[in-house]
Amino acid sequence: QVQLVESGGGSVQAGGSLRLSCAASGRTFSGYAMGWFRQGPGKEREFVAAISVSGGNTNHADSVKGRFTISRDNAKNTLYLQMNTLKPEDTAVYYCAAKFSTVYFGSYYRPSDYDYWGQGTQVTVSS
């Protein structure tokens with residue numbers, strides 16, 4: 001069992017930045033590939049970014065590529081999402097997720113791939 005708690009959400013103006021964190025507890029964090037997803041009002045949950053167990057492989061959705069960066073610190077059991085140049089369409093609840101993985105460089109982009117989810121943190125971007 002892995003418990004995930006997101007933090008760092010808030011309200012910003014377009015063009016601003018936020019850094020989301022996801023603190024993990026329970027099973028060994030370094031045995032899990034991790035991902036960020038978001039769900040906007042009236043929309044389905046969508047992939048934002050993913051990172052492998054090692055941190056050596058990352059993937060970002062086209063909509064955030066060049067603006068968002070996923071990273072992890074296995075020593076601190078923490079996942080991050082640095083979000084720059086935020087746009088109003090980035091407004092959503094952001095969720096972190098964990099997938100038990102024996103593939104050192106595997107990263108995953110489907111919600112159904114993941115085993116554990118956090119409760120989400122709200123990000124609101126005003127124009």
Side-chain angles (χ1 to χ4, degrees):
Q1 190 82 1
V2 175
Q3 293 78 43
L4 304 172
V5 179
E6 302 96 335
S7 61
S11 297
V12 296
Q13 290 192 329
S17 298
L18 284 172
R19 188 193 197 199
L20 304 184
S21 298
C22 173
S25 61
R27 303 290 293 269
T28 304
F29 177 70
S30 58
Y32 289 81
M34 302 295 294
W36 285 101
F37 291 78
R38 68 186 181 186
Q39 188 164 13
K43 298 181 179 180
E44 293 187 352
R45 192 167 298 190
E46 65 173 354
F47 170 76
V48 175
I51 189 166
S52 61
V53 166
S54 69
N57 185 28
T58 62
N59 287 289
H60 297 78
D62 288 343
S63 59
V64 306
K65 202 167 290 184
R67 299 188 298 122
F68 292 10
T69 303
I70 189 172
S71 63
R72 65 190 296 163
D73 187 334
N74 286 346
K76 295 182 178 180
N77 290 352
T78 303
L79 175 73
Y80 303 100
L81 184 68
Q82 178 66 46
M83 305 187 296
N84 298 328
T85 319
L86 282 160
K87 303 176 181 180
E89 51 264 42
D90 295 320
T91 294
V93 177
Y94 284 71
Y95 300 89
C96 67
K99 172 184 173 58
F100 179 72
S101 177
T102 58
V103 181
Y104 202 52
F105 290 100
S107 65
Y108 308 90
Y109 62 90
R110 298 177 302 182
S112 59
D113 288 330
Y114 290 84
D115 305 310
Y116 303 102
W117 292 84
Q119 82 292 346
T121 185
Q122 176 71 45
V123 172
T124 302
V125 184
S126 58
S127 57

* **Expected output: side-chain Asn74 to main-chain Val53 donor-acceptor under 3.5 Å** => yes
* **All pairs passing salt bridge (Lys or Arg N to Asp or Glu O under 4.0 Å) where residues 43-55 contributes a residue, at least two apart** => Arg38-Glu46
* To do: Could you tell me which residues satisfy salt bridge (Lys or Arg N to Asp or Glu O under 4.0 Å) with Arg67, sequence neighbours excluded, listed by chain and number?
  => Asp90
* Please report the shortest heavy-atom distance between Gly118 and Glu6, naming the atom on each side. => CA-OE2, 3.2 Å
* Structure fact -> When rounded to the nearest 0.5 Å, the distance separating OG of Ser127 from CD of Glu89 is 10.0 Å
* To do: Scan residues 68-81 for pairs that pass salt bridge (Lys or Arg N to Asp or Glu O under 4.0 Å), counting only residues two or more places apart or in two chains.
  => none
* Asked: Is any side-chain heavy atom of Pro111 closer than 4.5 Å to a side-chain heavy atom of Tyr95?
  -> no
* To do: Sequence neighbours left out, what passes side chain to side chain contact (heavy atoms under 4.5 Å, CB included) with Gln3? Give chain and number order.
  => Gln1, Ser25
* **Selection residues 39-67 - residue pairs positive for ring-ring contact (aromatic ring centres under 6.0 Å, His included), sequence neighbours left out** => Phe37-Phe47
* To do: Please collect all disulfide (SG to SG under 2.5 Å) contacts where either partner lies in residues 62-127, sequence neighbours excluded, each pair once.
  => Cys22-Cys96
* What pairs of residues pass the salt bridge (Lys or Arg N to Asp or Glu O under 4.0 Å) test when at least one of them lies in residues 117-127, not counting sequence neighbours? -> none
* **Qualifying residues under salt bridge (Lys or Arg N to Asp or Glu O under 4.0 Å), relative to Arg110, sequence neighbours excluded** => Asp113
* Pairs in or reaching into residues 31-90: which pass disulfide (SG to SG under 2.5 Å), with residues at least two apart or in two chains? -> none
* Asked: Taking all non-hydrogen atoms of both residues, which atom of Ala50 and which atom of Ser107 are closest, and how far apart?
  -> CB-CB, 4.0 Å
* Structure fact -> Residue set satisfying salt bridge (Lys or Arg N to Asp or Glu O under 4.0 Å) with Lys87, at least two apart, ordered chain then number -> none
* **Nearest atoms (heavy-atom pairs only) where Thr78 meets Ser21** => CG2-CB, 4.2 Å
* Would you please name every residue forming a side chain to side chain contact (heavy atoms under 4.5 Å, CB included) with Val5, sequence neighbours left out? => Gln119
* Asked: If you group Ile, Leu, Val, Met, Phe, Trp and Tyr whenever their side-chain heavy atoms sit less than 4.5 Å apart, what else falls in with Phe100?
  -> Val2, Leu4, Val12, Leu18, Leu20, Phe29, Tyr32, Met34, Trp36, Val48, Ile51, Val64, Phe68, Ile70, Leu79, Leu81, Met83, Leu86, Tyr94, Tyr116, Val123, Val125
